[in-house]
Amino acid sequence: MRMKRYEVAAMNDAMAKIKTDLGPEAIILSARKIRSGKNAVFEVVAARDDDFGLDRPPVKEDRPSFSAATDEPLAAIRKEIGHVRQAVEEIRTSGRLADELAEMKETLNAFFDVLGMRQGRAPQDLNARIYRRLLQSGFSRAGACRIVEAIGRGDRTSGPVSEADALALAGKHIALSLPSARKNTTGKRIRMLIGPTGVGKTTTLAKLAARQTLVEKRKVGLISTDNVRVAAGEQLGAYARIMGLPMECASTPEAFEKAIRRFADRDVVLVDTPGRARPDDAYLLRIAQALPDETVETNLLMNATGSGDYLERLVTDYGRLRVDQLIITKIDESRRFGSLYDVIVRAARPVAYLTGGQNVPQDIEEASPLRMAKLMLSGAANS
């Protein structure tokens, strides 16, 4: 077997050199990037098994065969070569698939643009204006298309539809399509807040604690399980001291279980958890196992400034933890809320609260489908 190492700027250059040096029967044993950045460099190791050469004379029948000791390593190498070839082919296929998906997405976008502007019985120019306004407010093309279609199914018996009437019909459709929380329920006793880093869990928990204490007149206990972020317990502890509420820090499931027992007389126990880009299933599972006789209300916090794709991934990742409700944070930092529409519909979970700002307890409000519809259309109504 002949082997040769190359350092090239692109894989195409390596393939050309390998074909010239080792012939078309050569295969790539390994390929890795050894330098990143603008002047990237790849290291490629290729080989040719001369047993496969076509220019060699035929082997005579009486030629001694390889011993088992020699043949087995060669067979293993050939097997590895086959795996490398398969991996390279899969990479090439995935690249083609990504290009095809990108082209398909662009085609669908154009389709939704045309369909959205033509949908419904309203004049086409009105449909086009409403459709563009929805896109400007952050709605996806597919979501905007469905909303314009719903406007077209509205009552037209009262005469021509104005732009304000069309937006009002859009708001009704959005509100009806969003999940709503159960009415006249006080919620579960233990309420856990989960979500990624920086979404505002600790501040939101303090706002909820103040609301439960001052407005609902309920006895509240606070637990911080955040042993990841520096001074997370101190921040929540400062809020607890200001409001005169008891607080426990529980970095282990055993400590958490003790804290729950200590708060047996509390009407509501609010639990702060560590923030991570992706949920720590094992950690949260251990906490859940520490509550065999308790039911927990799990609230997933999402940042209103996040893109639709990011929020979709967030719901998918945390969906494994049986989310009960959503809380949308930092609404004061965004002007486009339409991206929340598809996310909430697919999550099939109601939005319980909206938060914005750092003021405790003022900057929090209860949410409803009608309030969410108005928020999502605020950009469209003002454009």
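Summarising the geometry of Ile344 relative to Arg349, their closest heavy-atom pair is CG2-O, 3.8 Å, with the distance given to 0.1 Å. Of all heavy-atom pairs between Gly306 and Tyr310, the closest is CA-CD2, 4.1 Å. Counting all heavy atoms, side chain and backbone alike, Ser180 lies closest to Pro350 at C-CB, 3.6 Å. Among all heavy-atom pairs drawn from Ala348 and Pro179, the shortest one is C-CG, 3.9 Å. The two residues Ala175 and Pro369 come nearest to each other via the heavy atoms O-CB, 3.3 Å. The two residues Arg189 and Ala264 come nearest to each other via the heavy atoms NH1-O, 4.0 Å.
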Next on the checklist: Could you walk me through whether Met376 and Met372 satisfy the side chain to side chain contact (heavy atoms under 4.5 Å, CB included) test, starting with their C-alpha distance in whole Å, then the side-chain angles of each, then the deciding distance to 0.1 Å, before giving a yes or no?
Outcome noted: CA-CA 6 Å; Met376 293 174 188; Met372 292 304 302; 4.0 Å; yes

Checklist entry - Yes or no on side chain to side chain contact (heavy atoms under 4.5 Å, CB included) for Val220 and Met243, after CA distance, side-chain angles and deciding distance? => result CA-CA 10 Å; Val220 177; Met243 292 183 284; over 6 Å; no

Next on the checklist: Set out, in order, the CA-CA distance, both residues' side-chain angles and the distance that settles side chain to side chain contact (heavy atoms under 4.5 Å, CB included) for Lys17 and Lys4, then state yes or no.
Outcome noted: CA-CA 10 Å; Lys17 291 181 179 180; Lys4 194 165 184 179; over 6 Å; no

Checklist entry - Phe139 and Asp342: side chain to side chain contact (heavy atoms under 4.5 Å, CB included), yes or no, with the steps? => result CA-CA 8 Å; Phe139 287 86; Asp342 286 340; over 6 Å; no

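Here CE of Met302 is found 14.0 Å from NZ of Lys330. Values are rounded to the nearest 0.5 Å. A distance of 9.0 Å separates CD of Glu366 from CD1 of Ile364, quoted to the nearest 0.5 Å. Here the CG-CG distance, from Leu314 to Asp309, works out to 12.5 Å after rounding to the nearest 0.5 Å. Atom-to-atom distance recorded for Leu236:CG and Leu270:CG is 9.0 Å, nearest 0.5 angstrom. Residue Leu222 holds its CG atom at 9.0 Å from CG of Asp272, rounded to the nearest 0.5 Å. Remark: Ile151 CD1 to Tyr131 OH distance equals 12.5 Å, nearest 0.5 Å.
When each of Ile194, Ile327, Asp324 is paired with Leu300, the side-chain contact (heavy atoms from CB on, under 4.5 Å) condition holds for Ile194 and for no other. The side-chain contact (heavy atoms from CB on, under 4.5 Å) test with Ile147 singles out one residue from Leu167, Leu377, Ile174, and that residue is Ile174. Put simply, the residue from Lys201, Arg191, Gln325 that forms a side-chain hydrogen bond (donor to acceptor under 3.5 Å, both in side chains) with Asn299 is Gln325.
Ion pairing between a basic and an acidic side chain is recognised when a charged N comes within 4.0 Å of a carboxylate O; Glu257 and Arg261 show such pairing.
Judged as a salt bridge (Lys or Arg N to Asp or Glu O under 4.0 Å), and not counting sequence neighbours, Asp363 has no contacts. Every residue two or more places apart in sequence or in another chain was checked for a salt bridge (Lys or Arg N to Asp or Glu O under 4.0 Å) with Arg336, and none qualifies.
Under the 4.5 Å side-chain heavy-atom criterion for Ile, Leu, Val, Met, Phe, Trp and Tyr, Phe337 and Val345 are members of the same hydrophobic cluster. Leu370 and Leu134 are not part of a single hydrophobic cluster, where members link through side-chain heavy atoms under 4.5 Å apart. Follow the hydrophobic side-chain contacts under 4.5 Å out from Leu214 and you never reach Leu208; the two are in separate clusters.
Within the 4.5 Å cutoff, the side chain of Ile260 has heavy atoms near those of the Ile223 side chain. Side-chain contact check for Lys207 versus Tyr353: every heavy-atom pair is 4.5 Å or farther apart. In this structure, Tyr341 and Leu178 have side chains that are in contact, with non-hydrogen atoms separated by less than 4.5 Å. Proximity of Leu126 to Glu163: side-chain heavy atoms (C-beta onward) are separated by under 4.5 Å at one or more points. Considering only heavy atoms from C-beta on, Thr203 comes within 4.5 Å of Tyr239 through its side chain. Using a 4.5 Å heavy-atom threshold, the side chains of Asp267 and Gln212 count as separate. In this structure, the side chains of Ser177 and Arg146 stay at 4.5 Å or more apart for every pair of heavy atoms. Val343 is not listed as a side-chain neighbour of Leu326, based on a closest heavy-atom distance of 4.5 Å or more.
No hydrogens or angles considered: a donor-acceptor pair under 3.5 Å links the side chains of Asn303 and Thr305. A donor-acceptor contact closer than 3.5 angstrom is absent between the side chains of Thr298 and Tyr318. Judged purely by distance below 3.5 Å, without hydrogens or angles, the side chains of Asp21 and Tyr6 pair a donor atom with an acceptor atom.
Between the side chain of Thr225 and the backbone N or O of Ala250 there is no donor-acceptor pair closer than 3.5 Å.
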